[in-house]
Number of protein chains: 4
Amino acid sequence: MSTVTAALKPRKSPVQARSAATVGALHTATIQVLTQEGLSRCTTTRVAERAGMSVGSLYQYYPNRDALLAAILEKHLDSVANAIERACHAHRGKPVCEMASALVTAVLAAKLRDPEESKALYAVAGDRGGAALSARGHARIVVAIAAMLASAPDARFDDPATTGTIAFGALIGPVRAWLEGHAEAGFETRLKDHLVRLLTAYLQTHRSRP
Amino acid sequence: MSTVTAALKPRKSPVQARSAATVGALHTATIQVLTQEGLSRCTTTRVAERAGMSVGSLYQYYPNRDALLAAILEKHLDSVANAIERACHAHRGKPVCEMASALVTAVLAAKLRDPEESKALYAVAGDRGGAALSARGHARIVVAIAAMLASAPDARFDDPATTGTIAFGALIGPVRAWLEGHAEAGFETRLKDHLVRLLTAYLQTHRSRP
Amino acid sequence: MSTVTAALKPRKSPVQARSAATVGALHTATIQVLTQEGLSRCTTTRVAERAGMSVGSLYQYYPNRDALLAAILEKHLDSVANAIERACHAHRGKPVCEMASALVTAVLAAKLRDPEESKALYAVAGDRGGAALSARGHARIVVAIAAMLASAPDARFDDPATTGTIAFGALIGPVRAWLEGHAEAGFETRLKDHLVRLLTAYLQTHRSRP
Amino acid sequence: MSTVTAALKPRKSPVQARSAATVGALHTATIQVLTQEGLSRCTTTRVAERAGMSVGSLYQYYPNRDALLAAILEKHLDSVANAIERACHAHRGKPVCEMASALVTAVLAAKLRDPEESKALYAVAGDRGGAALSARGHARIVVAIAAMLASAPDARFDDPATTGTIAFGALIGPVRAWLEGHAEAGFETRLKDHLVRLLTAYLQTHRSRP
DNA sequence: CATGAATGAGTCTTCATTCAT
DNA sequence: GATGAATGAAGACTCATTCAT
């Protein structure tokens, strides 16, 4: 994530089964090294070793370290964005409180499926090149939420984009706090309830008076 | 921020005027380099150069790179925590909606006083050594919020700590989104309103029925 | 030789032919730099340069400067200790004067095979980490000598360990003086004779009277 | 002891009482730092600090680090050489066995007066600039011993210089072994006896047959 | 004079990347 | 294609030395 823009694309698409397995191994290995050693010690050699291959092979799949990190971050962000887009799409036209509940569920499912991964990638997202990817993912999500909100039958959102940004931020904040360990024991058992309450209350603020 | 705990203390306190200036210059320079180059390119050489001094001087005040970063992060976190503690203290016993408004004001004031700094330090907070400091700051804040909430005359919080964590996370999430540029133009003009509405709605969820 | 104990082991054994050559080149280069520049100027860069390779390659074989120096010192000390152990073993039960002669021969052969190396390594042996290795080598040698002495048919040594220490020290002292250049021209032609005389006389001091 | 030749002279002679005290403090401090930290970590700052003064003051007395080390080594070597010269002078014309005893006594007294110092200075003597000083001291000592030996009434030394070198080396070897810790517990109680025996036996080897 | 902050060249060490085998 | 040794630029950190106060 050091250089800024170009040449971050993976070198080959995993057309063959072997490639897919290899790329998967690299993905897993990267997350592990990231988690155990931190971004700055997440070196190509270490990743390759953990993935059971040589550095040379890693470079067969990614043109450089940043591309590897970007690919993994992108995959994560895409999967999160996809999940949220799907949920938003599925709840267009539903009452606001169902939207809130669905959104919370989708966010938690996406972010807590692999907490290690989610947490590890924050560092990647922060360092230079990751910012652009994060921005893109964030934008997709906000657009999806805004569209869903705009379709609510029982509320009127003057500025769905802003409300979407606030809503997503309000969910992500506590999730991130938990991922980063800033939370009391047992916090995650109450997390969903509180987020639903939080989001529902916020969205109902926009309820239209008949 | 690579090493874990020890030896992160500054070397000398800036007692003399010249020293104070030097330390201040280092502080500013670090934020600038962090902002413009990113954490991984925030090297001691670059910071010293930006601060208009030699590396040697930097090392006169901080025993290593991590200590420099930690010092700056700590200062920031402390100031944020102090501000929030102060606000929480001042609004004990007030109605929930006043608490909400005061908390939003305090958080925004603290985080947006120097947006560059706030943003730059996220990377530092994520990298190994910064996590511990963040955790400490976060804990102080949550404790302060919880204490304030517990004193509300018009609401009853069964689990003030959890509510505090959620409340703070819900505020920080959108603020961070904006700091990191994931927000539409003009977002910040609406930010405060939305956050007050968000937080008030959430807290009033706990209103006691007489 | 600055750090005290751990992590002084070489990184990979030179299994392949190329590796063996590389390690050999490092060995030779280190001795040369040590001789021509002294311990404090025996830097990894200079050694690598002299060996005709890059610093990186040096670090492929040794984890740090001290490990490189330790490896070379250890090899030298081991070869000296081995030679002396062999000589002592071979002369068990022989008359004291044969022992003396054999010991002198062994010490001189071992220390003067490569005088440059012997001399260069004195500095390494003195600096922190080298002391432990030296102590070990010295101990092995004294044990070997003591065992040989204890087996003498024509003498009785009440305290073979002490006598061994004195004997070895008495040989090493003049050898070192010569290696370090503190000796008149032509000294080495007379060295062996004098050492044999010295050691024989000393050991016969312990001759048992029938 | 890194640079080779020039500018190693102290800057001012300790004419005033204060100077003498200062120089003495530096001397002591240097030995302490040398002993506790090793040559490579024996920095001017540390020495000055230990001596209770600022680096600047140190540089008032010595033009550079090497000069400081050289001065201290030279002082030590001179005092050893002086003591031995005195002993040798005092025993001219005496029987060989008295010479041997006197020489051992002188060497031990000189080298073991301050064992820490003796040991610490070996590193200094080994690193570049120290070699020349050591050579000079060694030469003085050998000359003195040779002159004494040549005056023996009961022996004839064909080559007093060589015998002197061997004799001194044979004493220094075991002493050094002890100083460096390569010796069994209680070794020093037996050291003198053995050295006297060693040297007497060696020298009497040259006894003239009437 | 003493002080000690500032300097910056010089060390050690790591790591992304290449390429001969 | 895979491998992993070699490269060397770049970063962290130290320390001899100077000089303004």
Side-chain angles (χ1 to χ4, degrees), chain A residues 2-3 12 18-19 22 40-49 52-68, chain B residues 2-3 11-12 14 16-19 21-22 40-49 52-68, chain C residues 2-3 11-12 14 16-19 21-22 40-49 52-68, chain D residues 2-3 18 22 40-49 52-68:
Chain A
S2 305
T3 55
K12 29 175 130 172
R18 186 155 57 131
S19 290
T22 304
S40 61
R41 306 190 57 119
C42 179
T43 69
T44 51
T45 310
R46 262 191 270 263
V47 168
E49 188 183 26
M53 67 184 74
S54 65
V55 230
S57 295
L58 187 158
Y59 277 86
Q60 205 92 63
Y61 293 91
Y62 298 97
N64 53 56
R65 177 181 183 262
D66 285 358
L68 167 67
Chain B
S2 306
T3 55
R11 263 178 172 153
K12 31 176 125 167
Q16 298 160 8
R18 184 154 59 136
S19 295
T22 305
S40 60
R41 307 190 65 122
C42 181
T43 68
T44 52
T45 315
R46 261 190 272 264
V47 168
E49 189 183 23
M53 67 185 69
S54 64
V55 229
S57 294
L58 187 158
Y59 279 91
Q60 205 109 54
Y61 294 94
Y62 298 97
N64 51 55
R65 185 185 106 119
D66 284 359
L68 167 66
Chain C
S2 305
T3 55
R11 265 180 171 152
K12 30 178 128 168
Q16 299 159 8
R18 186 153 58 136
S19 294
T22 305
S40 59
R41 309 191 63 122
C42 181
T43 68
T44 51
T45 315
R46 261 192 271 266
V47 168
E49 188 182 24
M53 68 184 70
S54 64
V55 230
S57 294
L58 187 158
Y59 279 90
Q60 204 109 56
Y61 294 94
Y62 298 96
N64 52 57
R65 185 186 107 121
D66 285 359
L68 167 66
Chain D
S2 305
T3 57
R18 185 156 57 132
T22 305
S40 60
R41 306 190 56 119
C42 180
T43 68
T44 51
T45 309
R46 261 190 270 264
V47 168
E49 188 184 25
M53 67 185 71
S54 66
V55 229
S57 296
L58 186 157
Y59 277 86
Q60 206 91 63
Y61 293 92
Y62 298 97
N64 53 55
R65 177 182 183 260
D66 285 359
L68 167 67

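Here is how names work: the chains are called A, B, and so on, in the same order as the sequence lines, proteins then strands, and each is numbered from 1.
- Distances shorter than 4.0 Å separate none of the side-chain N or O atoms of Ser57(C) from OP1 or OP2 on dA5(F).
- In terms of heavy atoms, Asn64(D) sits closest to Tyr59(D) at CA-CE2, 3.8 Å.
- Across every non-hydrogen atom of Leu58(D) and Met53(D), the tightest pair is N-SD, 4.1 Å.
- Going from atom CD of Glu49(C) over to atom C1' of dA6(F) covers 16 Å, rounded to whole Å.
- Phosphate contact (OP1/OP2 of dT3(E), side-chain N/O of Ser54(D), threshold under 4.0 Å): present.
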**OP:** Could you encode protein contacts along nucleotides 10-16 of chain F as a string, one character per nucleotide from 5' to 3', using B for base contact, S for sugar-phosphate-only contact and - for no contact, with a heavy-atom cut-off of under 4.0 Å?
**Re:** -SSBBSS
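- For Tyr61(B) and dA6(E), the OH to C1' distance is 9 Å, given to the nearest whole Å.
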Subject >> Dot-bracket encoding of pairs in DNA chain E, which uses [ ] for pseudoknotted crossings and | for another strand, Watson-Crick or G-U under 3.5 angstrom >> reply: .||||||||||||||||||||
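- In terms of heavy atoms, Arg41(B) sits closest to Arg46(B) at O-NE, 2.8 Å.
- Within the 4.0 Å cut-off from OP1 or OP2 of dG1(F), not a single side-chain nitrogen or oxygen of Gln60(A) is found.
- Rounded to the nearest 0.5 Å, atoms OG1 (Thr44(B)) and OH (Tyr62(B)) are 13.5 Å apart.
- Partners of Ser57(A) according to the side chain to side chain donor-acceptor pair (under 3.5 Å) rule, which considers only residues two or more places apart in sequence or in another chain, are Ser54(A).
- Across Val47(B) and Leu68(B), no two heavy atoms sit closer than the pair CG1-CD2, 4.1 Å.
- The interatomic distance linking Leu58(A) (CG) with dC15(E) (P) rounds to 15 Å, in whole Å.
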